[in-house]
Every structure is written in C-alpha cells, then in structure tokens.
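Data first, discussion second: the structure below is written as structure tokens.
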Amino acid sequence: MAALPVGGAGVSAQTKLNCPRFLILSSSSNPSGQRLRRHTVSALPSNNNNESEETARTGEEEKQGVSLTLDDVNPVGLGRKSRQIFDEVWRKFSGLGQISRTTTDERLLDTVLIRGPMCEFTVPEAQDTTVLVVGATSRIGRIVIRKLMLRGYKVKALVRNDDPEVVDMLPRSVTIMVGDVGEPSSLRAAVAGCNKIIYCATARSTITGDLNRVDNQGVRNVAKAFQDYNNELAQLRAGKSSKSKLLLAKFKSEKSLEGWEVRQGTYFQDVVAAKYDGGMNAKFEFTESGDTVFSGYVFTRGGYVELSKRLSLPLGSTLDRYDGLVLSLGGNGRSYVLILQAGPLADTSQSKLYFTRISTKVGFCRVRVPFSSFRPVRPDDPPLDPFLVHTLTIRFEPRRQRPAEGPSGNNQDPRSFKLILEYIKALPTGQETDFILVSCTGSGIEPNRRDQVLKAKKAGEDALRRSGLGYTIVRPGPLKEEPGGQRALIFDQGNRISQGISCADVADICVKSLHDSTARNKSFDVCYEYVAKGRNELYELVAHLPDKANNYLTPALSVLEKNS
C-alpha cells in the first residue's frame, strides 16, 4: 500500500529527515487465518526532541546560577558508558539533591521544573501523583525513576536493603523504602501514599524459588498491598474503594445455593431431536468437602443445562460502574456460555439476552470476562448496557467441547461436566492504569531456562489481571544498553517478536502509560522494528506530523485488544 508523506507539503527534505516519524502498521495479509495485531512506531530524534535537549537546557540553568544534580533530573540513562560521562559532569553540581528535605529547595525545584525553561517536560497530573517503583535499581528501574522525577512526579523506590552502594544508585530526592516483595508485611509502608505502581523487579536467578518469589508471588503481594491500602482509605471516607471488586456471589455454604435455579432445554424441537434424546440431568449442591458444585450430563441432541439467578446488588451499586466480571472456578476443563439478561425490571418481557463463551481448565482458575465481550443473541439488539443487567446464567452444552484428560490420563466424555464455583465478582472500571508490570517475551533467554522463566512471569501477569486494578503489562524483547528514541518500535499481541529494545525505550513506555487511557487493561510485546518474513511484511503506513510532546503511545495502543 502507498505511504503517506511524513511532514506534509512545504516541508523541506532536511526537515523531514530530522523530524520524528510516526508509523502505524496494520497487517493487510494474513495467510494463516489468525488475527494479527501489529503496530510500528518510530520516535526518531529531531530538532524538537525533548530528550535530546535536556542536557543543553540544564547547561543553561548552570549559567543562570541554578545548580542541578544529574541523579535528580537525568531522564536518559543512555547505557553504562554514556551514563558515566553524564554522572562525571553533573556530579560537579550540587543543591538539587536536597529538594525533598527543605521548603526552600522545594521552591527551587518548582522554579526549575515547573516554571523554568524545562516546563515542557512536566506532566500536568504529575504534581499530585506519587509513583512507587519496585525494582528501582534494575536496568529499567533506574531510568524510570529519573524520567519520573524530571516530569515532576513524587517517587518512592522499593529496595531490599539500604546499603550505601544501593543508595548511591538512586537520586537523593527519592524516598527510599526498604522491603521485600516476598514479604507482604514489609510492603504496607511502601504502598502508603502511592497512586500508581511500576513493577520493574525480576528474579536474579532461574532457581524456581527465586522466580516464584519475585515474578509471581511478588506481583501478587504488591498488588494486594496496594488494594488493601486503597480499601483502608475508602473506609476512612466511609465509602468503598474505586479499585475494589464488587461481590456478586460467594459460594461458601448451603445458604449460597439460595436463589439459583437449575434449568434444562434444547435448541431443536423436532422429530429428529426426540429420536436422539439420550437424556440430561444436572444438580447444584453444597458437598461435604465444602465445595459448591454444578454438575451433570447432556446426552440429548441440541440439549443444554443451565444455572441461573437474578442478581441482588448492594444499595447504590450498578454494574455500569464496572468493567466486567471475574469468576473463580474449578472443575474438569469444560467451556461454558455466560449469559446476561438486561432490561427493565418492571417488565422482564422487554429484556434482551447477551452471551459470551468462557473456558476453564482442569483444577481451579479465575476467568476475567469484560462486558465488551458479550454479544446480543439477536443481532438487531443494541450493545449490552451493564446498568440494565439483572440476571446471570451459566450454561453447559456438549457442542464445541474439547475432550479433557482425567486424573488417570483418559479422555473424559465431553457430554458430562463438573463446575466448582468459588465466587463471582464485578471488576471496577477506570480511565487510567494503576499498576504497570514489566514482564518479558522470552526472546533472548536460554532455551533450557525459558519455560521456567515464562511460567513464573505468566503466573504474575494472571494474578495482576485478576486483582481488579487497572493494569498495563509490557513485554519487551531482549534489553539493550543504548540510547532510546533512535529506532522505530513494534507493538504486538501475537507473541511473535524476536528483536531487542533499549532499556530507555521501555522506561519511556512505562512513564507514558501512567496517564494514557489506551494503556489500561492491555498487555503487549514491544521491540525494535524489523522486516517480517513471508507475506506478513505488507503493511499500511500512516503519517503523523511531528509534535513537541511526541506522544506515540496513544495511537500505538489504541488498535490493540483490551483485557488482554
């Protein structure tokens, strides 16, 4: 396809070369039949590039008598050698390192960063936002901290110890919190007062215990501590945290069976259906082992069984304030149809049905179901309005079932099912992300270690998705110590990337995601641009005029799948 010219008419060749380019790439050929979501963005240096002007501006500040410290304002982190050069120069300046200790220095910082020549680096929301960086001394974490401080954020850094060599790696104006992500009790003070979290920590070894402690349990612990803190704040305000899930059903006793109705039916009402009527049966019970189980079988052609209940929401609560549902389920790995009935309660005959399919696995799992995934049973009906939802139904039907292996390894009959229910909750909605997790794609990891690492990373990602917090999961390719903003980036959700990416670019994505609504509840891979093989190299190029903010992230993420 033809590429639109970058820069537009009247732009000289020299200007075009120096201006940042923006490329949105969407697949126009997909021979495999799979959905491809691919996005390429470039933010090449230009005369207006903010990052490249920072050193020059701080030099001007020196001439004007304002002394700065690199540790407090350097956003670049350009690799080991470049960072050493910057450190050596900037260590000659002093004063800004004490900005968080005195009122006078706070006024100085406000003059330099907010009202001074560097005002274009600041973010309007930054002054009222405190960000906790977990893994603050990691390759990405150190750059994230400097970028945050330059933009005016209040920053807390979580480290395992406060040894001098660790403290020296961080700006002196950062609030250092000592804690271990594997110890929940040490995280309460760290999350207190924070509005957002960027999790850059990763295990230093591939020992299973270390991987589980940092990449899996660590994410769970930090997310839970953050939720608990928000709940405590809400209780002080005599309200409910906007980040808390709404409990719709909890199955812990025989009383939890009340209101649920078991029904059965068929899609076909003809002679052929009667001929193949093998019978069906289902029951909903609370067992002696303390489980609430919906189980049975369907041998009838076109038959189904379902479990249904009219929802009873707390006073003042409506589902339009929530983003979707999360179900904690166990069983034998069957798939089910989740049905929502929506309409006026006064006249249920006006209600409309909306459905989506969910899959479970053998054992327990938690299934996240966004309201956007529900489709009307009748194509002419309008999209689902969560405000009008009044009835929830879980349906089992034999069709489209995949045989699941039983404990002995034998395939079970797909016409029988067993579903253990633990709870059903509504996930809160929001405009911005609360928790940014830096994960990995697996590229660049030794083959004998890759499965181990990815298993722990995936478990941590799943825990974050189920937490109810607004999340952004960034999976970079192999990290490189080189300047950021020099090469185009590919944003993908197909687990296909293989190229590396600089730590500075990953840090920039994390910082830009903090207040970008398109980043909420999305997971994506990112790496340097490369030429795809086969027929997948055909893309549509869309030009973007350079602007001072160079906000490449919004259009890059807007085309990616949400709740991924």
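Owing to the predicted nature of the structure, the values given are computational and were not obtained by experimental measurement. Along the sequence shown, residues are numbered consecutively beginning with 1. Side-chain atoms are counted along with the backbone in the values below, which use heavy atoms only and exclude waters and symmetry mates.
Rounded to the nearest 0.5 Å, atoms CE (M169) and OG (S138) are 8.5 Å apart. If you take CG on D492 and OG1 on T441, they are separated by 10.5 Å, rounding to the nearest 0.5 Å. Distance check: L560 CG to T518 OG1 gives 8.5 Å after rounding to the nearest 0.5 Å. Put simply, CD1 on I473 and CG on L437 are 5.5 Å apart, with the number rounded to the nearest 0.5 Å. With values rounded to the nearest 0.5 angstrom, I490 atom CD1 is found 11.0 Å from D525 atom CG. Rounding to the nearest 0.5 Å gives a distance of 8.5 Å between CD of Q493 and CG of L557.
H515 and Y153 have parallel rings, their planes meeting at less than 30° on a 0 to 90° scale where 60° marks the start of perpendicular. Classification of the Y229-F226 ring pair by plane angle, with boundaries at 30° and 60°, yields parallel.
A distance-only check finds a donor-acceptor pair linking the side chain of R375 to the backbone of S372 [under 3.5 Å]. Side-chain N or O atoms of D413 include one that pairs as donor or acceptor with a backbone N or O of R415 at under 3.5 Å. Of the possible donor and acceptor atoms, none in the side chain of R395 sits under 3.5 Å from a partner among the backbone N and O of V337. Listed for the T472 side chain is no donor-acceptor partner under 3.5 Å among the backbone atoms of T433. Between the side chain of K156 and the main chain of A192, a donor-acceptor pair closer than 3.5 Å is present. Within the 3.5 Å criterion, the main-chain N or O of S467 finds a donor-acceptor partner in the side chain of K245. Remark: side-chain polar atoms of S443 are paired, donor with acceptor, to backbone N or O of I497 under 3.5 angstrom. A donor-acceptor pair under 3.5 Å links the side-chain atoms of N521 to the main chain of Y471, judged by distance alone. D163 places no side-chain N or O within donor-acceptor distance of the main-chain N or O of E165, the cut-off being under 3.5 Å. Under the 3.5 Å distance criterion, the side-chain polar atoms of D434 are matched with a main-chain donor or acceptor of G470.
A salt bridge is defined here as a Lys NZ or Arg NE, NH1 or NH2 lying under 4.0 Å from an Asp or Glu carboxylate O, and E461 with R466 fails to meet this definition. A salt bridge links D228 to K224: at least one charged side-chain nitrogen sits closer than 4.0 Å to a carboxylate oxygen. In this structure, E432 pairs ionically with K196, as a charged nitrogen and a carboxylate oxygen lie closer than 4.0 Å. Using a cutoff of 4.0 Å between basic side-chain nitrogens and carboxylate oxygens, R399 and E397 are scored as salt-bridged. A salt bridge between K522 and E561 is absent, with no side-chain N of the basic residue lying under 4.0 Å from a carboxylate O of the acidic one. A salt bridge links K147 with D508: the distance from a Lys NZ or Arg NE/NH1/NH2 to an Asp or Glu carboxylate oxygen falls below 4.0 Å. A salt bridge between D180 and R213 is present, with a side-chain N of the basic residue lying under 4.0 Å from a carboxylate O of the acidic one.
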Worked check of side-chain hydrogen bond (donor to acceptor under 3.5 Å, both in side chains) between S205 and D210: CA-CA 7 Å; S205 73; D210 287 344; 2.5 Å; yes
V326 and V367: CA distance, side-chain angles, deciding distance, side-chain contact (heavy atoms from CB on, under 4.5 Å) verdict: CA-CA 5 Å; V326 60; V367 182; over 6 Å; no
Worked check of side-chain contact (heavy atoms from CB on, under 4.5 Å) between I176 and L170: CA-CA 9 Å; I176 297 178; L170 301 173; 4.1 Å; yes
Stepwise salt bridge (Lys or Arg N to Asp or Glu O under 4.0 Å) test for K458 and D462: CA-CA 6 Å; K458 186 177 184 301; D462 291 342; 3.2 Å; yes
Stepwise side-chain hydrogen bond (donor to acceptor under 3.5 Å, both in side chains) test for S502 and D505: CA-CA 5 Å; S502 73; D505 280 326; 3.0 Å; yes
Audit row: V511, I436, side-chain contact (heavy atoms from CB on, under 4.5 Å) steps and yes/no: CA-CA 9 Å; V511 173; I436 298 173; over 6 Å; no
Q452/T208 under side-chain hydrogen bond (donor to acceptor under 3.5 Å, both in side chains): CA gap, chis, key distance, verdict: CA-CA 7 Å; Q452 249 180 307; T208 304; 3.2 Å; yes
Derivation and outcome, side-chain contact (heavy atoms from CB on, under 4.5 Å), residues I445 and C440: CA-CA 10 Å; I445 302 177; C440 74; 4.1 Å; yes
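Looking only at atom types and distance, the side chain of Q217 has a donor-acceptor partner in the side chain of N221 under 3.5 Å away. For the residue pair R160 and T137, no side-chain donor N or O sits within less than 3.5 Å of a side-chain acceptor on the partner.
With a 6.0 Å cutoff to the six-membered ring centre and a 45° limit on the axis angle, K425 counts as a cation-pi contact of Y423. With Y528 as the aromatic partner, R487 meets the cation-pi criteria of under 6.0 angstrom to the ring centre and within 45 degrees of the ring axis.
Taking the centre of each ring, F294 and F396 stay at or above the 6.0 Å mark. For F524 and F491, the ring centers are positioned less than 6.0 Å apart.
Under a cut-off of 6.0 angstrom, the local environment of CD in Q431 is sparse, with at most 12 non-hydrogen atoms contributed by other residues, nucleotides or ligands.
Between L392 and L338, some side-chain heavy-atom pair lies under the 4.5 Å cut-off. Looking only at side-chain heavy atoms (C-beta outward), M149 and V174 come within less than 4.5 Å of each other. Side-chain contact between L158 and V133 is absent, with no heavy atoms from C-beta onward closer than 4.5 Å. Taking 4.5 Å as the limit, every side-chain heavy atom of Q499 sits out of range of all side-chain heavy atoms of K480. At a threshold of 4.5 Å between non-hydrogen side-chain atoms, the residues E422 and K252 count as touching. Contact check for T360 versus F417: no side-chain heavy atoms found under the 4.5 Å cut-off.
When all heavy atoms are compared, the tightest approach of R465 to S523 is NH2-OG, 3.2 Å. Nearest heavy atoms, P428 versus G468: CG-O, 3.2 Å. Minimum heavy-atom separation, N332 to S416: ND2-O, 3.9 Å.
Just one of V222, V134, L132 meets the side-chain contact (heavy atoms from CB on, under 4.5 Å) condition when paired with L187; it is V222.
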